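One structure is given here, and the rest of the page talks about it.
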2 protein chains.
Amino acid sequence: MERTTIKNIAEQAGVSITTVSCVLNGREMRISNATKKKVIKIANELDYHPNQLAVGLITKKTNTIGLIIPDISNTFFGELAKGAENRAAELGYNVFLCNTNDSTEKDLDYLRALLDRGVDGVILVPSGRGKDEKSPECFKLLDSCQKSFVILDRTKTGDKYLGISLDHKGGGFIATDYLIKNGHKKIGCITGPLGMLNSYRRYQGYVEALSKAGIKYDDCLVKEGNYHISDGVELAESLFRKKVTAIFACNDLMAFGVFQAARKRGLRIPEDLSIVGFDDITYSEFMEVPLTTIRQPALEMGKCAVEKVVEMINNPDYKRDKIIFEPKLIERNSVKNIGGDTDGSKERA
Amino acid sequence: MERTTIKNIAEQAGVSITTVSCVLNGREMRISNATKKKVIKIANELDYHPNQLAVGLITKKTNTIGLIIPDISNTFFGELAKGAENRAAELGYNVFLCNTNDSTEKDLDYLRALLDRGVDGVILVPSGRGKDEKSPECFKLLDSCQKSFVILDRTKTGDKYLGISLDHKGGGFIATDYLIKNGHKKIGCITGPLGMLNSYRRYQGYVEALSKAGIKYDDCLVKEGNYHISDGVELAESLFRKKVTAIFACNDLMAFGVFQAARKRGLRIPEDLSIVGFDDITYSEFMEVPLTTIRQPALEMGKCAVEKVVEMINNPDYKRDKIIFEPKLIERNSVKNIGGDTDGSKERA
DNA sequence: CTGAAAGCGCTTACAG
DNA sequence: CTGAAAGCGCTTACAG
């Protein structure tokens, strides 16, 4: 069963391939209704589907988008990808998924591969920790390749690209401020890698909330992690020793780690320790004590990313603005009011 | 900056495109070292990368694999996808990710799209609940399209395809048997949709373990869910009323739901209720009480799937066997020994 | 050692 | 209303 081609149809219909192509593509050349019907009928009978390689080669349009992501098994990125993929399908695009394991070298390799495959646009969640070897090359290629692309989540400050991200600083602020409003003064912070801008911004939000409340910043209360559960476990330990009453974990995974460390130490949450996370991944709601956290709308962000690339594809001089999603506090049960002002407070547990 | 083509190189080098193609592809035609070097040098200077659409069109090989999956944001599938994607990259393949939201119609649409794009093989995790409208069409197409493919996870019994899955019945047996060995006799079971073979098999394992232990099967103790956390919450309630001492939840997500329902009811785990899950997703280890569960090696299964398609691609008459991964009991803290025999028991909490 | 030619499956001016 | 021809960017016999 070879695939049927336009040529097969032409032969059976006794017309030229030009005619077949035209009726199948609805070209306006007033083709007689008779041959039009005949061609369509035969095409259906033969279950004709155009070879997209050939179409792409000639039209320079593949209806294909590349999605480069650090770790698809990470729930946050998984939702980003899902949002993107679903929206792409709605808009008639297929997506190439590229998993980089946070290696900028793979960013570059994949970008090349995508370009070689003629994708119409690419969505990039850049790998790495800030000072990456291949990152500059990757962006250079992006600049020169004339393709539509958007930087998702891990945008750079002041860059000239269409970037989609969250107000991470605002998120860090809200999280810390909420803790402060609940009477906490000795607040630990487990950050992500500070070389990554988003991590740094969350940390800045923490600093700013402290400062605004007139609480003296203490560097000993800040620990740099790497967004893994294990970091939460380890770094929480040293924070416990400093007698913090609350911890702002810069992602939910590390917050889970804190839960675990607390359990081991016999600390009850939120009675003995309050926690706020960041991301609001699906599982946060189902932890032993449902986690209060800052929500990132991952699904919508992924969706937005493909909408933007597609807009750029259809309109090459589309304005490359920045799209900043709003962080949102999701109040659950991991924070205890230990005597702050009443607004924003919440008694439970 | 147009992409450089083979023609550009040929012009600059003053040779034919045939020559360029040959040296770049290492064809054995004893091309003089001089022109060989010249061509390569120019190709590098111009940063030449072959247009894969053209290559694919002519060679009928795209080094591309389609991966059709029900829900990429589900941790289990996310890991499957990650394993697949990483291994594909190692083997020189790019993957098209297709997210079906468990719709067989999308299975079919995507399969068509993949075929139109000339993928060399496809990995399918079929959608649906058993009695699906589009499922037969999808398999018919798979049969007739002459492509290498493997059915992953949701294999059908007795089908003639290369299927990769787990011994689900064995897993259900191990889970239930473990509960029995820990002295439980009144064991509830929250199943997946029984129209899905894998779900049914897990349930069969439960039935078999009961029977082997001489415990009378009670249909009131079995509730059919849909693998969502919410199912766990709801169905656990009715099981509590039946006074079960243990619950086998047929996936970890529903086990999380049971945790939540138990919490609401003031039931302690494992003191008042023992639970065993299925899948061993990342988060299970970090629940309030680390979940005892049956592990599915998702990463390896994804990896295996691409290895098999690639083998089939390279060797069209590759034997289409079945690959069955072994389920493995992961003992953690959600089961209490209430007086069973000592082997397999575990005192904690 | 090298090139002209055909062709992969399509689209699109252009000419009847 | 319809078709011959050129061409997308490549590969591969085939002929020198």
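We name chains A, B, ... by the order of the sequence lines, and we start the count at 1 in each one. Just so it is clear, the structure is predicted and the values come from calculations on it, not from any experiment.
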Open item on the list: In whole Å, I'd like the distance from the NZ atom of B:Lys61 to the P atom of D:dT12.
Closed with: 13 Å

Task: Protein-nucleotide distance (B:Asn25, atom CG; D:dG9, atom P), rounded to Å - done: 17 Å

Task: A:Asn51 CG to D:dC8 P, straight-line distance once rounded to whole Å - done: 18 Å

- [ ] Return the value, rounded to whole Å, for the distance between atom NZ of B:Lys60 and atom P of D:dC10.
- [x] 17 Å

Open item on the list: I want to confirm an ordering. Mapping B:Asn33 and B:Leu57 to their closest nucleotides on DNA chain C, which one lands closer to the 5' end?
Closed with: B:Asn33

Task: Length of the line joining A:Lys7:NZ and C:dG7:P, which is rounded to integer Å - done: 8 Å

Open item on the list: Categorize B:Thr18 for me: base, sugar-phosphate, or nothing, with a 4.0 angstrom heavy-atom threshold over every strand shown.
Closed with: base

Task: For atom CD1 of B:Ile58 and atom P of C:dC8, their distance in whole Å - done: 8 Å

Open item on the list: Can you tell me the base-pairing partner of D:dA13? Count Watson-Crick or G-U wobble geometry only, both distances below 3.5 Å, and say none if there is no partner.
Closed with: none

Open item on the list: OP1 or OP2 of D:dT11 versus the side-chain N and O atoms of B:Ser21: is any pair under 4.0 Å?
Closed with: yes

Open item on the list: Is there a side-chain contact between B:Leu115 and B:Leu141 in this structure, where contact means two heavy atoms from C-beta onward sitting under 4.5 Å apart?
Closed with: yes

Task: Sidechain N-carboxylate O distance under 4.0 Å for A:Lys134, A:Asp109 - done: no

TODO: Report the C-alpha distance between B:Asn51 and B:Arg3 in whole Å, list the side-chain angles of each, state the deciding distance to 0.1 Å, and finish with yes or no for side chain to side chain donor-acceptor pair (under 3.5 Å).
DONE: CA-CA 9 Å; B:Asn51 178 324; B:Arg3 282 179 67 91; over 6 Å; no

- [ ] Answer yes or no for B:Lys156 and B:Phe139: cation-pi contact, defined as NZ/CZ to six-membered ring centre under 6.0 Å and angle to ring axis within 45°.
- [x] yes

Open item on the list: Going by purine N1 to pyrimidine N3 plus the second Watson-Crick contact, or the G-U wobble pair, all under 3.5 Å, which nucleotide sits opposite C:dA4?
Closed with: none

Open item on the list: On DNA chain C, compare the nucleotides closest to B:Ala54 and B:Val15; which residue's is nearer the 5' end?
Closed with: B:Val15

- [ ] Would you mind checking if B:Lys82 and B:Glu79 are paired as a salt bridge, meaning a charged N to carboxylate O distance below 4.0 Å?
- [x] no

Task: Distance in angstrom units between A:Leu53 CG and D:dT11 P, rounded - done: 14 Å

TODO: Starting from P on D:dC10, measure out to CG on B:Asn8 and report it in whole angstrom.
DONE: 9 Å

TODO: Return no unless some side-chain N or O of B:Thr19 is found under 4.0 Å from OP1 or OP2 of C:dT2.
DONE: no

Task: 5′-ward residue of the pair A:Ser32/B:Ile17 relative to DNA chain D - done: A:Ser32

TODO: Please work out if B:Thr5 contacts a base, only the sugar-phosphate, or nothing of the nucleic acid, heavy-atom cut-off 4.0 Å.
DONE: sugar-phosphate

